[in-house]
K.L.:
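Submitted below is the structure of interest, expressed as structure tokens.
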Amino acid sequence: MRNVLLITISRQFGSGGHAIAENLAHALDLPLFDKDVIAQAAKEYGLYERVMQEDHPSPTNSLLFSIATNMYHLNRDSVSFEQRASMAEEKTMRNLAKEGPCIFLGRAADAVFADSPERVSFFLHAPLEWRVNRTAQQYDISAQKAKNIVRQMDRKRAAYYADRADGNWGSAETYHLSIDTSLLGMDGTTEQLLTFIRSYQRKS
């Protein structure tokens, strides 16, 4: 029986990926590492001195910026801003994975752990209109503002992934399973992911 040590989840903005990841973590009794947890872990591992909170999408208010501007153990003259950020974050994620089975949400985790035979990776997506409506309701904003945010965040995530991986963010061949969350909702999608994981574990 296979022992799934790493589950990675990538998602379009507004698809409910965070809620589904939390459901999955609860069902499997596994720790969930998202950008905030990774940031705190990076601080504890000593990879940078402080972390700025990311409340809204902004080039100067992100985990990437936080890591890069606060690193002290790498030679700033030998690597670029982006390389310093990528190296620090990847090292943090690998340290977390060494502690045991876990789930990573976002952060191009499927690419970071592409060399792990125990990795199972998922991509969660949904139609634009569905994601816009969900975002508008969740944050109590207009549909137009929600659409702008959804598109902006999708572009941001695609660019982030492109900087760290050879594959394409959202392309089916990059993941083990892609699923439209609008069809089954949060609970139904969680059950489908659990079924996939358990089937994979039973495979000899």
Side-chain angles (χ1 to χ4, degrees), residues 4-15 17-18 20-21 24-25 31-48 51-54 56-99 101-125 149-179:
V4 178
L5 298 178
L6 286 169
I7 298 171
T8 71
I9 300 175
S10 298
R11 77 286 191 210
Q12 290 181 323
F13 189 83
S15 64
H18 205 290
I20 292 169
L24 198 63
L32 172 62
F33 300 132
D34 60 11
K35 68 179 186 298
D36 295 326
V37 177
I38 293 171
Q40 180 60 35
K43 180 179 180 181
E44 293 172 358
Y45 286 136
L47 295 181
Y48 60 90
V51 179
M52 291 180 290
Q53 295 295 325
E54 182 178 2
H56 304 287
S58 170
T60 59
N61 194 24
S62 65
L63 177 64
L64 174 66
F65 185 82
S66 302
I67 294 174
T69 56
N70 289 285
M71 286 183 64
Y72 60 87
H73 74 296
L74 293 178
N75 184 346
R76 292 176 181 269
D77 295 328
S78 63
V79 292
S80 69
F81 176 100
E82 291 80 7
Q83 288 172 325
R84 290 197 303 272
S86 180
M87 290 167 65
E89 186 170 50
E90 180 173 335
K91 184 173 182 179
T92 299
M93 294 168 70
R94 290 190 178 278
N95 284 342
L96 290 169
K98 289 177 182 178
E99 297 179 6
C102 57
I103 300 172
F104 284 95
L105 178 65
R107 318 319 291 171
D110 60 284
V112 170
F113 298 106
D115 57 346
S116 174
E118 292 83 16
R119 173 183 59 88
V120 172
S121 61
F122 301 116
F123 186 80
L124 307 179
H125 59 94
I149 292 174
V150 167
R151 287 176 169 170
Q152 176 188 11
M153 292 303 294
D154 279 353
R155 288 194 297 268
K156 181 179 178 181
R157 289 176 179 176
Y160 181 92
Y161 192 90
D163 286 340
R164 287 157 177 76
D166 294 330
N168 296 317
W169 182 75
S171 295
E173 65 271 15
T174 305
Y175 309 92
H176 295 118
L177 178 67
S178 297
I179 187 167

K.L.:
Is a side-chain donor-acceptor pair under 3.5 Å present for His125 with Ser15?
P.N.:
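Note: Ser15 and His125 side chains miss the donor-acceptor criterion.
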K.L.:
For the CG atom on Asp166, are there more than 12 heavy atoms of other groups (residues, nucleotides or ligands in this structure) within a distance under 6.0 Å?
P.N.:
no
K.L.:
Of all residues at least two apart in sequence or in a different chain, which pass the side chain to side chain donor-acceptor pair (under 3.5 Å) check with Arg151?
P.N.:
none
K.L.:
Atom CZ of Arg157 and atom CD of Gln12: how far apart are they, to the nearest 0.5 Å?
P.N.:
9.5 Å
K.L.:
What verdict does the side-chain contact (heavy atoms from CB on, under 4.5 Å) test give for Leu96 and Cys102, after you've listed the backbone C-alpha separation in whole Å, the side-chain angles of each residue and the deciding distance to 0.1 Å?
P.N.:
CA-CA 8 Å; Leu96 290 169; Cys102 57; 5.7 Å; no
K.L.:
Heavy atoms, side chains only, cut-off 4.5 Å: are Glu89 and Ile38 in contact?
P.N.:
yes
K.L.:
Holding to salt bridge (Lys or Arg N to Asp or Glu O under 4.0 Å), I want the full list of residues that pass it with Asp34, two or more places apart in sequence or in another chain.
P.N.:
none
K.L.:
Ring centres of Tyr160 and Trp169 under 6.0 Å apart?
P.N.:
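Centroid separation for Tyr160 and Trp169: 6.0 Å or greater.
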K.L.:
Is the shortest side-chain heavy-atom distance between Phe113 and Arg94 below 4.5 Å?
P.N.:
yes
K.L.:
Please tell me if the side chains of Ser10 and Tyr175 come closer than 4.5 Å, counting only heavy atoms from C-beta onward.
P.N.:
yes
K.L.:
Is it true that the NZ or CZ of Arg11 lies under 6.0 Å from the centre of Phe13's six-membered ring and within 45 degrees of the ring axis?
P.N.:
no
K.L.:
What's the separation between atom CG in Leu32 and atom CZ in Phe104, rounded to the nearest 0.5 Å?
P.N.:
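Answer for the CG-CZ pair, Leu32 versus Phe104, is 9.5 Å.
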K.L.:
So how far is it from Ile20 CD1 to Ile103 CD1, rounded to the nearest 0.5 Å?
P.N.:
12.0 Å
K.L.:
Who passes side chain to side chain donor-acceptor pair (under 3.5 Å) against Thr174, sequence neighbours left out?
P.N.:
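For Thr174, no residue satisfies side chain to side chain donor-acceptor pair (under 3.5 Å) once neighbours in sequence are set aside.
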